[in-house]
Amino acid sequence: MNYWLIKSEPFKYSWDHFVEEGQSMWDGVRNYQARNNMMAMKTGDQALFYHSNEGKEVVGIAKVSKEHYPDPTTDDPRWVVVNFVPVAKLPKAISLKQIKQDPTLQDMALVKHSRLSVAPLKAEEFDHIVALAYET
DNA sequence: GCCAACGTTGGC
DNA sequence: GCCAACGTTGGC
């Protein structure tokens, strides 16, 4: 199983909206690195859902419900989408600030390549962030 | 195939 | 709202 981090501007597509819909087609990715990451996703892989710009925090856990297929929102055959379903909302959102201050999370793409919208996560990083969120 | 111009993202 | 970082485009 692999772990990922997916970013969305809450203004465009928030976690709450995601939960409301119960499923999301992750479209609009127009970046090769991000696309390659999406193509590597397998059904059941877990992803942290991050709010960029507004909030700047990890708010929930999502899971891949459908592996990549051609992006129906464009005729351009280069782009793909994947589907996600919500797994759990984190009891406590983990802010970018907190991530940056955590020595074990310094290698995250979120820290190093802040513009990458779909990034791989190590299992340790995923577990660490989830553990932080469930701490009291 | 290089590189300048341009557009976009996202933190601050 | 600004700007740095970075990706993409297009002329040569």
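Quick note on labels: first sequence line is chain A, next is B, and so on, each numbered from 1. Note that these values count all heavy atoms, side chains included, but never hydrogens, waters or copies made by symmetry.
- Looking at A:E124 and A:Y3, their side chains never bring a donor and an acceptor atom within 3.5 Å of each other.
- A salt bridge does not link A:K63 to A:D45: none of the charged side-chain nitrogens sits closer than 4.0 Å to a carboxylate oxygen.
- Residue A:Y32 places none of its side-chain N or O atoms closer than 4.0 Å to OP1 or OP2 of C:dC6.
- In the set C:dC6, C:dG7, B:dG11, the nucleotide with an atom closest to the side chain of A:S52 is B:dG11.
- In this structure, A:K112 does not reach the B:dG11 phosphate: none of its side-chain N or O atoms is under 4.0 Å from OP1 or OP2.
- Closest approach to the A:K7 side chain among B:dT8, C:dT9, B:dG11 is made by B:dG11 (side chain taken as heavy atoms from C-beta onward).
- Checking A:N53 against A:R78, the closest nucleotide of DNA chain C that is more toward the 5' end is the one next to A:N53.
- Side-chain to base pairing of A:R30 with B:dT8: no donor and acceptor N or O lie closer than 3.5 Å to each other.
- Of the N and O atoms on the side chains of A:D102 and A:T104, at least one donor lies less than 3.5 Å from an acceptor on the other residue.
- To the nearest angstrom, P of B:dT9 lies 15 Å from OH of A:Y50.
- With C:dC6, C:dG7, B:dG11 as the candidates, the nucleotide lying closest to the side chain of A:N31 is C:dG7.
- Here A:D71 does not pair with A:R78 in a salt bridge; the nearest charged N to carboxylate O distance is not below 4.0 Å.
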